[in-house]
Amino acid sequence: MSTHSSTSVLVVGAGPAGLTLACDLRRRGVDVRIISAATGVFPGSRAKGVQPRTLEVLDDLAVLEDVAAHATTYPKLGIHLGPAVIKRRMISLHQATEDVPYPNTLLSGQYDTDAALLRRLEQLGGSVEFETRLTGLAQTDGAVTGTLEGPGGVEQCSADYLVGADGGSSAVRRAAAIPFEGTTDETDRMIVADLVMSGLSRDLWHIWPGLNGHFMALCPMPGGELFQLMLKLKPGEPAEMTSDALTRAVRARPGTRSVEIAEVRWSSVWRPNVRLAQRYRSERVFLIGDAAHVHPPTGAQGLNTGVQDAYNLGWKLAQVIAGAPDGLLDSYEAERQPVAAGVLGLAVRLYDDTRARPAAALKRGDEERQLSLTYRGGPLALDVSTDSPGVRPGDRAPNVSWVDPSDGPQRLIDHLRGPHFTLLALGGAAVEAVGQVAWPDAGARLHTISLTGASAQHVATAYGVTLPTQVLIRPDGYVAQVAHENFADAVNRFISLSAPR
């Protein structure tokens, strides 16, 4: 005998993508339920790199301070070549600039990132139902019903929408019969493990590029106790993950004679799994994170891409639930699937380089930071000519600063924080036209910033636009509209696509 329940959005999976989505929906006042087949928050360091664009997302969700408190920037590499150790940076350190307030990739064990997101969800009044799995789903015109099995037995949960955030082996994706196209190389295996160990300096990310086909890395994790091990296995070599076996493997490398492994806190065997879901939507079912795309860990892209999937989908679900056109939800796949395809290509290229040229491949650049990702040409990027200068619809809205005569120094990122749209009106005519905007009462509200004089000119110069201009910014921090005239008509065109009617 099963029980019955209902919610607006059922999220399956409580990793970084699922928790981000649940937090975003909760702060928008959407009834959301999140379940996980696991017994608790992910215990391993696995996805340890948090990129600058993701830091902006975490800032908006009021979780960045918590994540940063358990994180560091990446240490220098220590490349062991025989008795020599060559020090170099893989990830360059950057100074904060006006347009990029959080410029550096943070090193944060996934256990800490997930735990911080869970704490934020609980602050918002939500919780994760652990040890609860999806065993089936059925869709009708008006709802999707998931069959759930948990500590309380079998349950039928009806929802307006169901989101699969349940990883590469997604039960949601399988139940929705969405092909997961790509390859898995079973012959190429790597041990990834969290080790409580001593006998190795913690100021370097130690790399042994290769020894008879082996690659090994030991990265000191924040907190002063753990190292993350990455150990390439030979074809057919058994994956022995006891403390004794890993101690022997580590000590086979130069400079490790004093290493002692006291505990293997978490371990896994990783294989190159390069796959992309054929569709991100099946009627009322959506995929985010690893349920939609999986790829090599090189470049620290997976967690970040999943978080931004959730950030893209969250405001759109909330708007449609409030009465916006259903077609807004189709823009999720149109915008995010090409991004995932590009990220897959980047991660695969980096991984192939580590195999072919391990020492030369240990360098990361701006592409991995994900600040330049754009939705230009997408269904929500209207009225864009290919030669438009400056910021264009679909671009990330760069941070910019100005001085308010009454309130003093201001930063755009502080005004963007929250579940609203932002209208940046620059110059006299653009400011005068603000009163002509008939923004709907339902759904996300509109926050308006009106600037004239030197402040307007500074922002316009930073954005590469001329005065007067209105810039409409979406709740996920991307530019929706840039208008130099007919301001009300421009905003109304975007309202017709994305706002409740």
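Bear in mind the structure is a predicted one, so any value in this text is a computation, not a measurement.
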> Do S198 and E260 get their side chains close enough for a donor-acceptor pair, meaning under 3.5 Å?
Replying inline: no

>> For the CZ atom on R133, are there more than 12 heavy atoms of other groups (residues, nucleotides or ligands in this structure) within a distance under 6.0 Å?
In response: no

>> By the side chain to side chain donor-acceptor pair (under 3.5 Å) test, which pairs, at least two apart or in different chains, include something from residues 9-21?
In response: none

>> Hydrogens and angles aside, do D31 and S8 bring a side-chain donor and acceptor to less than 3.5 Å of each other?
In response: no

> Just by distance, with hydrogens left out, do K48 and Q110 show a side-chain donor and acceptor under 3.5 Å apart?
Replying inline: no

> Does the side chain of R46 come under 3.5 Å of the side chain of Y111 through a donor N or O and an acceptor N or O?
Replying inline: no

>> Checking D395 now: which residues fulfil salt bridge (Lys or Arg N to Asp or Glu O under 4.0 Å) with it, not counting sequence neighbours?
In response: R376

> Relative to the ring of H447, is the ring of H415 parallel (under 30°), tilted (30 to 60°) or perpendicular (over 60°)?
Replying inline: parallel

>> Would you say CD of Q95 has more than 12 non-hydrogen atoms from neighbouring residues, nucleotides or ligands within 6.0 angstrom?
In response: no

>> Applying side chain to side chain contact (heavy atoms under 4.5 Å, CB included), can you list everything that pairs with S401, at least two apart in sequence or on another chain?
In response: E98, N399, R411

>> Side chains of S45 and D194: any donor to acceptor distance under 3.5 Å?
In response: yes

> Is the closest side-chain donor-acceptor distance between D24 and Y311 under 3.5 Å?
Replying inline: no

> Side chains of S201 and D203: donor-acceptor distance under 3.5 Å anywhere?
Replying inline: yes

> Among side-chain atoms of T147 and T135, is any donor-acceptor pair under 3.5 angstrom?
Replying inline: no

